[in-house]
Amino acid sequence: MNYVLPLIPALPLVAFFITLFLGKWWLKDSAHWIPILAMAGSFVLSVAAFLAIRGEEHAMVVELWRWIPVGDFQVPIAFQLDQLSSVMLLVVTGVGTLIFIYSKGYMHGDPGYYRFFAYLSLFAFSMLMLVLGANYLLLYLGWEAVGLCSYYLIGFYYHKPSAASAGKKAFLTNRVGDFGFGLGVMLIFVTFGSLDYLHVFEAVEHGGTSEGILLAIGLLLFMGAMGKSAQFPLHVWLPDAMEGPTPVSALIHAATMVTAGVYMVARSSVIFASAPTAMLVVGAVGAFTAIFAASIGLVQNDIKRVMAYSTVSQLGYMFMALGIGAWIPAIFHLVTHAFFKALLFLGSGSVIHSLGGEQDMRKMGGLARKIPFTYWTLIAGAFALAGVFPFAGFWSKDEILGMNFKGGGYIIWAVGLIAAFITAFYTFRLIFMTFWGESRMDPEVEKHVHESPWSMVVPLMVLGVLSVGAGALLGIPPEGGLFAKFLEPVFEPANQILGVHHEAFAAIDVILMIVSLAVALSGVALAYVFYVRRPDDLPQKAGAISQPLYKAVLNKWYIDEIYDATIIRLTIDGSRWLWRVVDAGVIDGAVNGVARLWDIAGRIVSPFQTGRVQNYAVVMFVGLFVIVTAVIVF
Amino acid sequence: MEFGFAEQIGFRALSLLTFLPSLGALIMVLFMRGRPSAYKATALVASLATFALSVYMLTAFDSSTAAFQFQENFVWIENFGINYHMGVDGISMLMLLLTSFLSVIAIIGSWNYVKDRELAFFASLLILETGMIGVFTSMDLFLFYVFWEVQLIPMYFIIGIWGGARRIYAATKFFLYTFTGSVLMLVATLAVVWWYGKESGALTFDILTLQNAGFPSNIQFWGFLAFFVAFAIKVPMFPVHTWLPDAHVEAPTAGSVILAGVLLKMGVYGMIRFCIGFFPEATVNAVPYIMVLSVIAIVYGAAVSLVQPDMKKLVAYSSVSHMGFVTAGLFTFNQQGIEGSVLQMVNHGILTGALFQMVGFFYERTHTREIKDYGGMARPLPIAAAFFSLFVLGSLGLPGLNGFVGEFLILLGVFQYMKVFAVIASLGIILGAGYLLWMYQRTMFGELTNEKWLSLKDLSAREVLTLVPLAAMSVVIGVWPGPFLEMLHAPSLEIIAKVEPFMAQQHSLVQMASTFLGGF
């Protein structure tokens with residue numbers, strides 16, 4: 001493993017440099033080969049790592065060099081392989097390889113073709129550093145670096161002002177979260193004298209750390225997670241991030257980067273388990289975000305924005321799980337979500353691609369027969385997202401809801417169930433509006449509709465298979481499947497702190513399953529009534545009845561407007577005040593005032609400098625006289 | 001004198017280093033009037049040789065000790081105890097490397113920049129380099145003062161002659177601000193030397209001797225105050241920073257690069273040598289105030305940067321913020337804070353030097369620095385945009401680049417000193433990302449605002465040549481700062497040892513302040 005582990009992130013890094021420096025003049029249209037091969041190579045190595053860590057009780061750590069050595073602060077560049085990082089490696093490299101291949105077709109002919117693959121490779125490197133790093137500072141490094149790649153890729157079409165601002169918004173919102181993350185890292189160091197995971201967690205397990213400090217650490221770290229994983233109130237950047245090309249939305253803003261916050265909390269499970277209040281906050285924020293974002297997804301007309309809000313909502317589910325200590329279901333949902341959401345994004349991309357760039361669902365319809373591969377794979381993804389038995393999303397979502405119910409979190413369970421209903425509804429609203437019914441396309445666009453090339457369709461089919469089967473394969477029986485068994489050693493310490501004991505599969509589980517399936521199906525059915533049976537009047541009527549609510553949802557609950565009017569406004573105006581009034585007015589005014597004072601003094605004194613010797617002689621004589629008198633008198 | 005030049009390197013390396021640039025200037029002025037290619041080549045060779053020498057000195061440098069190395073010492077003015085005494089420790093060695101490195105960059109960068117009195121311009125740059133190196137190598141207070149004044153004059157001319165439209169105002173402001181400090185420093189110097197002479201019976205300007213003098217409290221207080229104000233102006237700390245934006249905006253590119261890259265560091269360097277060195281007790285007592293001023297500078301500088309319409313002014317104000325980090329880190333008096341602070345001086349020199357260089361390149365093409373005149377520049381200038389983004393990212397503290405290492409160490413140091421300051425300083429990081437990315441977006445991204453810009457030429461080979469070393473250093477220090485930090489271990493421990501005896505009484509004050517601020 002000493003050589004395998006560092007190679008996993010190193011391969012995409014090499015691909016990045018080659019593509020960046022040779023792409024423009026030499027590689028040009030074949031710029032995709034090196035990144036794809038590097039990514040596939042990393043995937044193979046990740047499989048090797050998976051085989052090596054299977055069943056191992058202890059993590060493996062490989063240290064390369066001391067990164068920042070100052071006194072008692074010693075941070076190495078070191079990689080840690082355990083079951084959690086192994087799962088993340090497989091997801092990142094596996095889904096990554098598929099999306100790299102897909103991008104070959106999707107980005108074909110783009111003037112920034114090589115640039116796109118260079119950024120993607122840099123992203124892969126950063127994300128792999130994030131999941132492999134053996135300490136919090138490397139996590140922070142990967143964290144910021146993926147944020148940077150996201151910034152570049154959201155703003156890929158940088159000449160579009162909306163894309164450029166969306167990139168900046170993403171970076172800055174994340175910085176707000178990282179403000180907390182950074183302080184959390186410092187607090188960890190000050191408390192434990194180290195940033196190494198193994199060292200820190202051992203110290204926490206040992207006990208003796210005050211709960212207040214652990215709570216502070218947990219909340220500060222979670223602040224970072226809220227930024228990266230787009231949880232309310234830091235979710236605002238993710239929908240705008242859809243300005244990036246669709247493969248980016250699939251890879252970064254659905255499957256991998258945005259799940260980094262989930263990974264972070266799961267990684268720190270020992271800390272959170274020791275600070276119940278922090279877990280409560282995580283769960284509450286997750287549950288609220290799940291339903292909040294789902295409500296917005298309900299009314300979006302841009303196919304990618306529906307997906308974006310859906311991602312925010314699904315990430316909320318993952319935090320909901322973490323909040324109750326359901327670490328494994330959270331990671332399970334992360335994995336299945338990576339499959340089906342990547343699929344849904346790539347499928348939407350395929351739709352957009354075949355329509356020559358159209359993203360508005362109101363201008364689609366009746367596409368099922370025209371692009372059948374895309375249609376059928378998307379259907380698989382939609383069932384998975386809606387949580388319909390036996391598709392992948394059903395198993396993971398059911399575990400989350402079930403564990404909340406059994407753990408006594410009835411409110412969160414209920415919220416999750418309502419959100420599941422909304423999810424099923426908006427997912428099939430998307431399917432029906434896009435593929436069913438009459439065509440609402442521009443005639444010009446309709447003429448050119450075509451199925452996407454193989455490089456795009458094959459990744460769709462692979463993800464489609466995974467979306468159908470992965471959940472059942474890994475998740476039966478619930479909470480005791482292959483996936484849970486594999487991950488158990490990582491979360492053992494946290495579970496011990498929480499005092500969780502494993503229960504066998506029981507009747508209550510079956511009942512909960514049936515309830516959640518019924519909810520999902522009724523969501524699908526309602527969407528069918530709305531958008532297939534009576535598409536012409538029912539949606540409008542529903543909108544009209546709930547007019548104020550509908551408007552608020554349509555405007556994303558005015559969160560962006562509130563930020564603009566408060567925080568951003570205050571910062572800009574305050575800064576301007578500091579500049580104009582304090583800097584130019586008070587400080588410089590004083591400085592120039594002093595200068596003017598000297599000027600005036602000079603004017604008063606200068607008449608004495610007449611240049612005539614007689615005058616000087618008189619003054620000298622008078623002065624001498626005064627001094628002598630003074631000496632004699634006193 | 002265990003670390004004499006003779007044992008260590010075999011020749012008077014520091015004197016050579018100091019006067020090599022001036023020698024180049026002398027040759028240029030005497031023999032090369034009217035022959036641009038000859039005097040420019042000479043300037044370049046002189047600065048390159050200086051840089052090469054400073055790198056060569058590293059091979060003989062012993063980083064395991066805080067002692068001064070490559071020492072040269074002989075009597076200069078015996079009656080007043082003034083010696084020609086030079087030597088460097090890890091901190092000054094890093095500053096020397098930075099100075100000689102940036103001087104080369106500045107000279108290549110201004111190859112075609114000035115049209116008028118070009119010879120004098122390059123000669124001024126070289127004399128300036130001598131002054132700066134002299135400041136960092138002097139171990140005699142008098143010698144230090146001489147060099148301190150020497151570097152002031154060429155800089156005054158560089159701004160005043162080759163500057164922009166309001167250059168006279170800016171140069172005068174720069175000169176008066178700094179000179180006020182110089183006068184304070186001179187008075188304090190004389191007072192300190194006089195007191196020590198009275199106590200010991202012999203006048204001396206030797207810095208090491210004075211550092212061990214153990215001044216009484218009243219001398220400490222006034223001496224500290226005078227030196228501190230002098231250096232605070234140079235840094236510049238809030239609220240004596242207002243000369244900086246004017247000086248930067250009016251200065252030619254090379255002037256800005258050197259000003260931000262090196263001159264500001266002389267202020268912090270002076271604080272280390274004199275405020276902490278001579279008056280540790282008074283310094284320790286002043287720490288809470290310095291911290292407050294530093295943290296204000298961080299947030300204030302960043303906030304004011306946010307609303308600057310002029311790119312160069314934006315970078316200038318960002319220096320106020322970044323130097324706030326440097327002073328905050330230094331006065332935490334823990335190892336992370338001090339080493340982060342010195343390393344951040346190097347980082348700031350590289351990154352801000354690079355940013356000024358790039359703003360200069362843009363200005364040479366467009367003849368405007370107003371952000372609103374730019375937009376969409378990434379299309380005609382992709383290479384420039386790529387470099388610009390690297391330096392912007394380094395500046396906003398992206399991990400993997402050099403700015404992060406220094407900034408994080410400083411914040412960690414401040415966090416250990418008092419958490420609430422670290423929290424406020426971290427706000428500066430959010431704002432930092434704000435003003436830098438916003439500037440980048442408005443200049444490089446978006447629609448092209450001016451059709452004329454389409455015909456602009458991307459960076460030339462010479463321009464790329466000035467940026468590549470800066471970019472490379474940014475990455476190297478970001479990924480592998482170990483060798484740089486290693487030079488700082490011994491000196492930082494020395495600083496801590498120096499203030500340690502006075503820290504005990506300090507704690508009560510810190511606690512008082514932290515109760516006052518509500519703790520964290």
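When reading the values below, keep in mind they use all heavy atoms of this one structure, side chains included, and skip hydrogens, waters and symmetry mates. Lettering follows sequence order; numbering is per chain, from 1.
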**Report entry** Residue Ile429(B) versus chain A: region with a heavy atom under 4.5 Å
**Finding:** both
Query raised in the report: Looking at Trp243(B), Trp480(B), Tyr300(B), which makes the most heavy-atom pairs under 4.5 Å with chain A?
Result: Tyr300(B)
Query raised in the report: For the candidates Gln308(B), Glu339(B), Gln416(B), Lys173(B), which exhibits the highest count of non-hydrogen atom pairs separated by less than 4.5 Å from chain A?
Result: Gln308(B)
Requested in this report: Kindly assign one of parallel, tilted or perpendicular to the pair Tyr151(A) and Phe445(B), based on the angle between their ring planes and the thresholds 30° and 60°.
Outcome: tilted
Report task. Count the heavy-atom pairs under 4.5 Å between each of Gly71(A), Ala163(A), Gly147(A) and chain B, then report the option with the highest count. Result -> Gly71(A)
Report summary line: Honestly, the part of Leu148(A) sitting under 4.5 Å from a heavy atom of chain B is side chain
Query raised in the report: Quick one: of Ala590(A), Gly180(A), Pro161(A), who has the most non-hydrogen atom pairs under 4.5 Å with chain B?
Result: Pro161(A)
Query raised in the report: Where does the angle between the aromatic ring planes of Phe404(B) and Tyr140(A) fall among parallel (under 30°), tilted (30 to 60°) and perpendicular (over 60°)?
Result: parallel
Report summary line: Ranking Ser305(B), Gly340(B), Ala378(B) by heavy-atom pairs under 4.5 Å to chain A gives rank one to Ala378(B)
Query raised in the report: Does the distance from a Lys or Arg side-chain N to an Asp or Glu carboxylate O, for Asp310(B) and Lys372(B), drop under 4.0 Å?
Result: no
Report task. Name the region of Ser165(A), side chain, backbone, both or neither, that has any atom closer than 4.5 Å to a heavy atom of chain B. Result -> both
Query raised in the report: Which answer fits Asn592(A), side chain, backbone, both or neither, if we ask what part of it has an atom under 4.5 Å from a heavy atom of chain B?
Result: side chain
Report task. Measure Leu137(A) against the heavy atoms of chain B and call it side chain, backbone, both or neither at under 4.5 Å. Result -> side chain
Requested in this report: Select, from Ile338(B), Val240(B), Leu493(B), Val304(B), the one with the greatest count of heavy-atom pairs under 4.5 Å involving chain A.
Outcome: Val304(B)
Query raised in the report: Does Phe415(B) have Lys419(B) sitting over its ring (NZ/CZ under 6.0 Å from centre, angle to axis within 45°)?
Result: yes
Report summary line: Note: vs chain A, highest number of non-hydrogen pairs under 4.5 angstrom among Leu448(B), Asn334(B), Val299(B), Leu437(B) is Leu437(B)
**Report entry** Heavy-atom proximity to chain A below 4.5 Å, by part of Phe484(B)
**Finding:** neither
Query raised in the report: How about Phe16(A) and Phe125(A): are their ring centres within less than 6.0 Å of each other?
Result: no
**Report entry** Which portion of Leu488(B) sits near chain A, non-hydrogen atoms under 4.5 angstrom
**Finding:** neither
Query raised in the report: Is the Tyr119(A) ring parallel, tilted or perpendicular to the Tyr152(A) ring (thresholds 30°, 60°)?
Result: parallel
Query raised in the report: Who among Leu578(A), Ile77(A), Val75(A) has the most heavy-atom pairs with chain B under 4.5 Å?
Result: Leu578(A)
Query raised in the report: In terms of ring plane angle, is the pair Tyr417(B) and Phe421(B) parallel, tilted or perpendicular, where the classes change at 30° and 60°?
Result: parallel
Requested in this report: Tell me, for Ile430(B) versus chain A, whether the close heavy atoms (under 4.5 Å) come from the side chain, the backbone, both or neither.
Outcome: both
**Report entry** Test item: Gln74(A) side-chain N/O and Ile68(A) main-chain N/O as donor-acceptor pair under 3.5 Å
**Finding:** no
Query raised in the report: Between Phe189(A) and chain B, which part of the residue has a heavy atom less than 4.5 Å away: side chain, backbone, both or neither?
Result: side chain
Query - Heavy-atom proximity to chain B below 4.5 Å, by part of Val176(A) - result: both
Query raised in the report: With a 4.5 Å limit on heavy-atom distance, are the side chains of His241(B) and Tyr317(B) in contact?
Result: yes
Report task. Can you tell which part of Trp65(A) gets under 4.5 Å to a heavy atom of chain B, answering side chain, backbone, both or neither? Result -> side chain
Query raised in the report: So is Arg442(B) actually on top of Trp438(B)'s ring, under 6.0 Å and inside 45° of the axis?
Result: yes
Requested in this report: Could you have a look at Leu409(B), Leu306(B), Val307(B) and say which one has the most heavy-atom pairs with chain A under 4.5 angstrom?
Outcome: Val307(B)
Query raised in the report: Will you find, in the side chains of Glu447(B) and His159(A), an N or O donor that is under 3.5 Å from an N or O acceptor?
Result: no
Query raised in the report: Side-chain donor-acceptor pair under 3.5 Å between Tyr136(A) and Asp196(A), yes or no?
Result: no
**Report entry** Leu427(B), part contacting chain A, at a heavy-atom distance under 4.5 Å
**Finding:** both
Query - Option that, when pairs with chain B are counted at under 4.5 Å, heavy atom only, ranks first among Tyr157(A), Phe73(A), Tyr158(A), Phe171(A) - result: Tyr158(A)
Report task. Could you look at Val185(A) and say if it's the side chain, the backbone, both or neither that has a heavy atom under 4.5 Å from chain B? Result -> side chain
Query raised in the report: Side chain, backbone, both or neither: which part of Asp246(B) has a non-hydrogen atom closer than 4.5 Å to chain A?
Result: side chain
Query raised in the report: Do Leu176(B) and Thr172(B) have side chains that get closer than 4.5 Å, going by heavy atoms?
Result: yes
Query raised in the report: Does Leu183(A) reach the side chain of Val423(B), with side-chain heavy atoms less than 4.5 Å apart?
Result: yes
